[in-house]
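Below: the structure, in structure tokens.
First the proteins, then the strands, lettered A, B, ... as listed; each starts at 1.
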There are 2 protein chains.
Amino acid sequence: MPGDADIAAVGALLGDERRCRILLALDDGRALPASRLAAEAGVSAATASSHLGKLREGGLVTVETHGRHRFYRLAGPHVGRLLEAMVALAPPRPVTSLREGTRARALRRARTCYDHLAGELGVGIMRHLVDAGLLTGGDGHRDPADPPVGFGQDVDYRFTADGDTWLDDFGVRLAPGRRTIRYCVDWTEQAHHLSGAAGAGILARLVELDWVRRAPKDRAVTVTDAGQEGLARTFGV
Amino acid sequence: MPGDADIAAVGALLGDERRCRILLALDDGRALPASRLAAEAGVSAATASSHLGKLREGGLVTVETHGRHRFYRLAGPHVGRLLEAMVALAPPRPVTSLREGTRARALRRARTCYDHLAGELGVGIMRHLVDAGLLTGGDGHRDPADPPVGFGQDVDYRFTADGDTWLDDFGVRLAPGRRTIRYCVDWTEQAHHLSGAAGAGILARLVELDWVRRAPKDRAVTVTDAGQEGLARTFGV
DNA sequence: GGGACGGTTCGACGGCCGTCGAAGCGACCC
DNA sequence: GGGTCGCTTCGACGGCCGTCGAACCGTCCC
């Protein structure tokens, strides 16, 4: 039984409270520097570095180096699912922990990324636009060297004629010259979501329709009842 | 952060290879005696008892005592989901382990329990019958003292007039005197599935329709393509 | 280039936990 | 009731791993 050893290895990673704190701090999809995670776990930089090394080796987190900072992220949606499954099993559920849990889940579902939508919702909308033939392209790649955390980048996505029509019909107001498409790699979903002027325009229109509402102080996005229905009908999400 | 400690406690439970072996052995929903689990984990009875005690205290397994045997089960569907999430993260996937994993998943989806259906499919069918008003009752309870593992028991479920009609229409042949309803508590789903003559009759009819096929030597049940469609249409499962 | 800063590596300390044999306990069998 | 069997408890041994300070390495800033 060679495969069994590995699942225990994953379990061992999750058996330490400090490591769990680190993972939970990353659970909403952010990328955080090692120092912040050390503070979050309440542990020295040396210890945190050791934990992060193990989490990385175990495939639970990934690193990006920017200057003298190293940003850590959850390695993918599987990790979020795993954390969710574990939280569901942790027997005592103090209120605060519950709120944190649902909040992280909500952020994974929908959040803002600067001026546009990210999370399952952002990715789902972009996927729908591509599937519906409103948006084409997407063979571009992300330059691993320069870009700061979670930022967008030029790629060869573009709206089709149908896409232009759809934008007008849906009520997204974009100056003709500003229809350049940008996207972000959405790390909680490991897929693309729209950014740039189009992403901002769509988010603005969704807010105008009162389908979604932005939290005043953070990146949370809530979907209204009307939004549930409208988003499902329009984008299948 | 009081809640965080507990999720690490769950992780610690999963950090031991022997405990993982035990959990994986139980992953298809069976109840196994401690001695069998000791053998499965490749460990002495004393050690296995220690592990089982911890798993029980952690809420991952439950015990039923029958005579001098003690049968252990996964505590519920959450545990199955957790194992699934962990397997999805264990990086190397030897073929055997993959086959085992998909097999366990298949058993959780559909299996036989003596002469009737269990697993998600069995539970889903029963739920549909109740929701559709074909079956009523179900306030009975399971006597914790006597019954052997996973066996059915009398309860006050009964078919309505519509239910009788439906049985005839669907092609389930039951002698009028043999319409007594029995059910099993389905432990992988923590819900009821039909047993008794009605459960057996429905399974027989599903086989006759070639919607499902029983494995010759074990409890596995596979759903055919026609079955996928028919079961969805008939029972919403 | 010097100094500060973020991060990792190294080494040593300490504690927790998995392990098994032996003993204890209850249930079954003849 | 004596013997067996299934399981748990106890106690002792041993190893693994989390922890931190100190040293080291690279980047940024003036």
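- In this structure, the side chains of Val10(B) and Leu82(B) come closer than 4.5 Å at one or more pairs of heavy atoms.
- Side-chain proximity of Asp16(A) to the nucleotides dC20(C), dT19(D), dG6(C) is greatest for dT19(D).
- As judged by a 4.0 angstrom heavy-atom cut-off over every strand, Ala45(B) is placed among the base-contacting residues.
- Taking side-chain N and O atoms only, Ser44(A) has a distance below 4.0 Å to OP1 or OP2 of dC20(D).
- One atom, CG of Leu52(B), and another, P of dC17(C), lie 18 Å apart when rounded to the nearest Å.
- If you measure from atom CG of Leu32(A) to atom C1' of dG6(C), you get 15 Å, rounded to the nearest angstrom.
- Rounded to whole Å, atom P of dT8(D) lies 12 Å from atom CZ of Phe71(B).
- For dC20(C), one of the phosphate oxygens OP1 or OP2 lies less than 4.0 angstrom from a side-chain nitrogen or oxygen of Thr47(B).
- Atom NE2 of His51(A) is separated from atom P of dG7(C) by 16 Å (rounded to the nearest Å).
- The residue Arg19(B) sits close only to the backbone: its heavy atoms come under 4.0 Å of sugar-phosphate atoms, none of a base.
- In this entry the distance linking CZ of Arg18(B) with P of dT19(C) reads 5 Å, nearest Å.
- Between the CZ atom in Arg21(B) and the CD atom in Glu40(B) there is a gap of 9.0 Å [rounded to 0.5 Å].
- His66(B) has its NE2 atom 16 Å from the C1' atom of dG26(C), to the nearest Å.
- A distance of 10.5 Å separates CZ in Phe71(B) from CG in Leu37(B), rounded to the nearest 0.5 Å.
- Summary of the strand contacts: Ala12(A) and Pro33(B) both lie near DNA chain D, and taking for each the nucleotide with the nearest heavy atom, the more 5' one is attributed to Pro33(B).
- Note on Tyr72(B): a side-chain N or O is less than 4.0 Å away from OP1 or OP2 of dT8(D).
- The interatomic distance linking Glu57(A) (CD) with dT9(C) (C1') rounds to 15 Å, in whole Å.
- Taking the side chain as every heavy atom from C-beta outward, Ile202(B) and Leu129(B) approach each other to under 4.5 Å.
- Side-chain proximity of Arg68(A) to dA27(C), dT19(C), dC5(C): nearest is dC5(C).
- Contact annotation: Arg70(A) side-chain N/O to dT27(D) OP1/OP2 distance is not under 4.0 Å.
- Of the listed nucleotides (dC7(D), dT19(D), dT9(D)), dT9(D) has the atom at the smallest distance from the side chain of Ala46(B).
- The side chain to side chain donor-acceptor pair (under 3.5 Å) with His51(B) is formed by just one residue from the set Arg56(B), Arg19(B), Arg18(B); it is Arg19(B).
- In this structure, NZ of Lys54(B) is placed 13 Å from P of dC16(C), rounded to the nearest angstrom.
- Distances were taken from every side-chain heavy atom of Ser49(A) (C-beta onward) to each of dG26(D), dT9(C), dC7(D); the shortest belongs to dT9(C).
- In this model, the phosphate group of dG6(C) is not approached by any side-chain N or O of Ser35(A) to a distance below 4.0 Å at OP1 or OP2.
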